[in-house]
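Let me begin by presenting the structure, written as structure tokens, before commenting on it.
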Amino acid sequence: MTAKKYGGKSVDEWIELHSIIQQLVRCEEVSWFNTEIKKVADAAAEIPFGEAGVMDAVDRLERFRPYIAKVFPETADAGGLIESPVREIPAMKAALEEKYSLTLRGRLVAKCDNLLPISGSIKARGGIYEVLKHAELLALKTGMLTTADDYSIIDSEKFRSFYGKHSIAVGSTGNLGLSIGIMGAQLGFKVSVHMSADARQWKKDMLRSKGVNVLEYESDYSLAVAQGRREAAADPSCYFIDDENSINLFMGYAVAAGRLKKQFDEMGVVVDEGHPLFAYLPCGVGGGPGGVAFGLKLVFGDNVHCIFAEPTHSPAMLLGLYTGLHDEVSVQDFGIDNLTAADGLAVGRPSGFVGRTLHELLDGVITVSDENLYLFLAMIADTEQMALEPSALAGVPGIIRVLADQDYLARHNLIGKMEQATHLAWCTGGSMVPDDEMAAYYKKGKQLCG
């Protein structure tokens with residue numbers, strides 16, 4: 001191992017002193033619960049943005065609904081609202097109970113962001129939102145648009161020609177690039193997506209079919225982001241969407257929470273002190289799950305418990321949070337290869353912005369093996385007829401991990417309340433995966449089901 005110091009300790013010292021890091025280095029599944037968490041009101045008071053920023057995003061997305069409905073017909077019935085359903089998944093819960101010989105208390109539901117229109121993943125929230133905000137600000141600045149206008153006027157050669165003088169760049173493992181590429185190209189922007197080696201070929205092909213410039217790298221996500229950042233810095237007309245540090249992305253994701261509250265109300269799902277909510281959020285660099293978790297904490301307060309879920313080979317956020325080093329450390333520094341079938345989560349260095357923002361709000365992180373991602377993929381396809389990509393299954397075992405940790409439940413005064421709990425697996429993507437690729441995922445999962 002390198003002799004370089006991380007937080008005053010070498011890698012060998014970190015490993016020797018911390019059993020959980022020993023497990024991470026061995027790529028074992030772990031569960032870590034945050035003992036430094038604060039009450040939401042106290043933690044939020046130290047964060048320089050909050051509900052006003054989320055409401056600004058809500059209002060902006062409302063203004064764009066006429067345009068979205070016009071240019072993306074799949075959203076027309078919803079009036080241009082980009083949203084996904086919530087559904088209970090009792091058959092999947094029963095299958096987990098049978099597989100692991102457990103009784104899982106509470107109800108298990110899925111937030112089906114795999115069905116989000118336009119780009120078929122959670123990234124349709126933040127990614128599309130940031131493109132729309134940039135487009136709006138450019139048009140407002142020139143006087144081409146006012147916030148009182150019907151934004152469907154943006155679907156015109158006048159606006160496409162205007163946006164064609166501007167470019168957008170982003171680094172991505174795949175899904176964020178899809179969202180930004182599809183939305184940016186539709187508006188008329190020149191879009192460049194810098195994609196890491198783990199990005200799926202079909203995602204690159206789809207972007208190119210939309211006229212997006214896709215640049216491929218042999219290295220991982222961090223290099224793709226760095227290259228995108230350099231390109232934007234060299235071109236005054238280029239806007240860089242920074243997955244690692246963007247408050248705009250964060251706010252776009254956070255909008256989901258208020259909508260979830262409305263869906264829960266319609267379903268009769270109660271969230272209060274006696275009916276806790278647990279949200280299990282697949283995590284790559286952290287922007288998507290971070291924004292959603294932030295929004296959930298604003299809406300549900302101390303009654304929601306947010307758990308990130310990462311692949312065992314890419315536990316970047318867990319490593320950053322546990323060491324307190326955030327983006328100053330990567331999994332590769334500790335000899336972890338960052339190679340996983342969960343391409344959307346294949347990130348070696350976490351967002352320092354997200355880690356530092358949520359370090360007193362996030363309840364914990366779990367890691368999940370690729371083998372279990374495939375196994376859960378096949379199980380949920382068989383039991384609930386849901387087609388998800390491997391990344392989207394990371395949150396599914398969260399219910400098992402939480403119920404197994406009596407110390408965590410006791411520390412948060414949850415013992416005796418779990419029968420009335422709601423466990424929400426955030427299913428982040430899958431509907432746009434080509435049939436042959438999904439069939440290969442399923443076949444692998446069935447083999448592991450034994």
Side-chain angles (χ1 to χ4, degrees), residues 67-68 70-76 82 84 112-132 134-135 155 160 163-164 167-218 220-221 224-225 227-228 231 239-241 243 249 252 282 284-285 287-288 340-347 377 386-392 427-442:
Y67 172 76
I68 297 293
K70 185 176 181 183
V71 300
F72 295 106
E74 64 268 36
T75 70
I82 303 170
S84 71
C112 302
D113 272 7
N114 56 301
L115 299 179
L116 275 174
I118 303 176
S119 63
S121 84
I122 189 173
K123 300 298 186 178
R125 298 183 184 282
I128 287 174
Y129 171 71
E130 181 150 4
V131 172
L132 294 178
H134 179 57
D155 180 36
R160 281 188 286 273
Y163 290 132
S167 57
I168 292 172
V170 67
S172 175
T173 60
N175 285 344
L176 182 65
L178 270 185
S179 295
I180 287 166
I182 291 170
M183 189 72 252
Q186 178 65 46
L187 284 159
F189 287 101
K190 300 188 188 96
V191 185
S192 294
V193 178
H194 300 256
M195 299 191 99
S196 51
D198 40 81
R200 308 301 296 179
Q201 187 61 45
W202 69 266
K203 295 178 183 180
K204 300 172 188 175
D205 294 342
M206 179 175 287
L207 283 169
R208 288 183 173 122
S209 76
K210 305 288 185 183
V212 174
N213 180 31
V214 176
L215 299 99
E216 302 182 55
Y217 299 92
E218 292 300 318
D220 72 358
Y221 166 86
V225 172
Q227 289 294 112
E231 175 187 313
Y239 179 74
F240 178 63
I241 295 181
D243 195 15
L249 284 176
V285 75
T340 172
D343 57 298
L345 312 181
V347 174
L377 184 152
M386 292 176 65
L388 302 174
E389 61 185 349
S391 297
C427 298
T428 49
S431 63
M432 297 186 77
V433 176
D435 290 343
D436 58 344
E437 192 145 347
M438 187 62 75
Y441 290 154
Y442 176 78

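Residues meeting the ring pair (Phe, Tyr, Trp, His ring centres under 6.0 Å) test with Tyr239, sequence neighbours left out: His134. The side chain to side chain donor-acceptor pair (under 3.5 Å) test applied to Lys204 returns Glu216, not counting sequence neighbours. Judged as a salt bridge (Lys or Arg N to Asp or Glu O under 4.0 Å), and not counting sequence neighbours, the contacts of Glu389 are Lys203. Annotation: side chain to side chain donor-acceptor pair (under 3.5 Å) contacts of Tyr163 (sequence neighbours excluded): none. Tyr67 meets the ring pair (Phe, Tyr, Trp, His ring centres under 6.0 Å) test with no other residue; sequence neighbours excluded.
Remark: Ile122 CD1 to Ser391 OG distance equals 11.5 Å, nearest 0.5 Å. The line from CG of Leu388 to CE of Met438 is 6.5 Å long, rounded to the nearest 0.5 Å. Distance CG/Asp155 to CG/Leu187: 9.5 Å, rounded to 0.5 Å. In this structure, CD on Glu437 lies 7.5 Å from CH2 on Trp202, to the nearest 0.5 angstrom. Interatomic distance, Ile82 CD1 to Ile68 CD1, rounded to the nearest 0.5 Å: 4.5 Å.
Residues Val212 and Ala185 approach most closely at CG2-CB, 4.2 Å, considering heavy atoms. Val170 and Gly177 get closest at one heavy-atom pair: CG1-CA, 4.3 Å. When all heavy atoms are compared, the tightest approach of Thr340 to Ala346 is CG2-CB, 3.7 Å. Val214 approaches Arg208 most closely through the heavy-atom pair O-NH2, 3.2 Å. Between Glu231 and Ala169, the closest heavy-atom pair is OE2-CB, 4.0 Å. For the residue pair Phe240 and Gly171, the shortest heavy atom distance occurs at CE1-N, 4.1 Å.
Contact check for Ile128 versus Lys123: no side-chain heavy atoms found under the 4.5 Å cut-off. Residues Met206 and Leu178 form a side-chain contact, since some pair of their non-hydrogen atoms from C-beta on lies under 4.5 Å apart. You'll find the side chain of Glu130 stays beyond 4.5 Å of the side chain of Ile180, heavy atoms only. With contacts defined as side-chain heavy-atom distances shorter than 4.5 Å, the pair Asn175/Ser119 does not qualify. Side-chain contact between Arg125 and Asp113 is present, with heavy atoms from C-beta onward closer than 4.5 Å.
The side chain to side chain contact (heavy atoms under 4.5 Å, CB included) with Thr428 is formed by just one residue from the set Ser84, Pro282, Cys112, Ser121; it is Pro282. With Leu176 as the partner, the side chain to side chain contact (heavy atoms under 4.5 Å, CB included) test is satisfied by one option alone out of Asp243, Val193, Val285: Asp243.
Using a distance-only test at 3.5 Å, with no hydrogens or angles considered, no donor-acceptor pair links the side chain of Ser172 to the main chain of Met195. Here the side chain of Lys190 pairs no donor or acceptor atom with the backbone of Ile168 at under 3.5 angstrom.
Within 6.0 Å of CG on Asp436 lie more than 12 heavy atoms contributed by other residues, nucleotides or ligands.
The list of salt bridge (Lys or Arg N to Asp or Glu O under 4.0 Å) pairs with a residue in residues 168-181, not counting sequence neighbours, is empty.
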